[in-house]
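None of the values given here were measured: they were computed from a predicted structure. When a ligand or atom number is given, it counts from 1 through the structure's own listing order. When reading the values below, keep in mind they use all heavy atoms of this one structure, side chains included, and skip hydrogens, waters and symmetry mates.
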Amino acid sequence: MSSSDIHNRKTEHLTLARDGSTQMRSGNGLDSIRFEPISLPELDFSEIRIDSTFLGKPISAPIMIASMSGGTKESEKLNERLAVAAQAMQIPLALGSMRIALEQPELKKAFQLRHIAPTIPILANIGGAQLVEAGGIQRAFDCAEIAAADALIVHLNPLQEALQPNGDRNWRGVGNAIKTLVEESAVPIIVKEVGHGLGTTSVKQLVDLGVAWIDLAGTGGTSWAMIEALRAGDLQRAEIGTAFANFGISAVETLNAINQEPEKYASCRFIASGGIRSGLDIARSLRAGATLCSAAKPFLDAADKGGEAIESLVATWCEQLKITCFATGSRDIESLKHARLLHAQ
Ligand SMILES: Cc1cc2nc3c(=O)[nH]c(=O)nc-3n(C[C@H](O)[C@H](O)[C@H](O)COP(=O)(O)O)c2cc1C
């Protein structure tokens, strides 16, 4: 695929992701996590702590801006805006796929945000299918270096690639390539989906390959099948894509399944995402077993309004998360993870 094809595709992705019709109709599944309200919390709200650490750095809340963009003029501005806000709010920032910077080195700048965000975790990003191309492993290391990243994300999106015009359809050897990355990378490797989720079969494979962090990127939010269906440009491809609009598994479904056999996955920590739209969603995801949550679309919408809107979104989610702690008698994230739940009768 040529650089101009990648450029056009990225621009179309940004435009279509803003469109409400590319959000999944199936919910994020988090309504199933029901906290018991605690009416005598024995807490002073001002003492509630939601800060923690991620990749060895302090963060103010377990919220990450998910991988989105980079490489086009529009997304260079978006990345800068996200980086300024992430630094101000002290939350991690994941960059979008850096493939374009490898093909067009003059576009590296869009991914070089360390001068704007010196103290937060920044995560580089590359597609799983790119790892098996010639020189793929070295190129992945280059991405981490270009971004001065604290970790490298590998995204697994076979469904999207199959639906995408000229998408990567050869996924042979991707697992082995991830194993090599884990063994040889100077920074931690994080593996994610892009919104259709990872079930326990894939999660177990990744754990066995030595992956220590997985972002489940499940259903309930942005639907890449719908985005590709709308991009298709011909009726047949649109029909093929639309059938998969709500395909996949939510992060909470996978976390619930993991909780049935926790010893199998003990070496791995999980980031919940896919339709995270409030601090209550974050609280529920943490209670279901996630260490952190990430979101893309809400940050895209906020960034369109300006840097202040991004900071305001983070502040809203932090306040909702703290209120959930208060209303469940949890003094911090660790106690929230053990808060009492209501179970279906
Ligand atoms: C505009 C846009 C661009 C994205 N680009 C990437 C990408 O380059 N690499 C990646 O791993 N995920 C990408 N994603 C997927 C997100 O990181 C996230 O996993 C997914 O959108 C689910 O989160 P959401 O429901 O909060 O949008 C993108 C999402 C959006 C909305």
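Here's the thing with Ala17: none of its N/O atoms is less than 3.5 angstrom from an N/O atom of ligand 1. The shortest N or O to N or O distance between Lys297 and ligand 1 is below 3.5 Å. Backbone and side-chain nitrogen or oxygen atoms of Gly275 are examined, and one is located within less than 3.5 angstrom of a nitrogen or oxygen of ligand 1.
Under a hydrophobic-cluster definition in which Ile, Leu, Val, Met, Phe, Trp and Tyr are linked whenever side-chain heavy atoms come within less than 4.5 Å, directly or via other members, Leu255 and Leu292 are assigned to different clusters.
Close approach of ligand 1 to Leu14 is summarised as follows: ligand atoms under 4.0 Å from at least one heavy atom of the residue are 1 (C). Atoms of ligand 1 found under 4.0 Å from any heavy atom of Arg277, numbered from 1 in the order shown, are 24 (P), 25 (O), 26 (O), 27 (O).
Protein heavy atom in closest approach to atom 2 (C) of ligand 1: Met68 CG, 3.6 Å. With respect to atom 13 (C) of ligand 1, the closest heavy atom belonging to the protein is Ser67 O, 3.1 Å. The nearest heavy-atom contact from the protein to atom 8 (O) of ligand 1 is Ser97 N, 2.8 Å.
Only the side chain of Asn125 comes within contact range of ligand 1, with a heavy atom under 4.0 Å; no backbone atom does. Contacts between Lys192 and ligand 1 below 4.0 angstrom, taking non-hydrogen atoms only, involve the side chain exclusively. Contact annotation: for Lys10 versus ligand 1, heavy atoms closer than 4.0 Å belong to the side chain alone.
Distances shorter than 4.0 angstrom do not occur between any heavy atom of Phe299 and any atom of ligand 1. Using a 4.0 Å cutoff on heavy atoms, Val194 counts as a contact of ligand 1.
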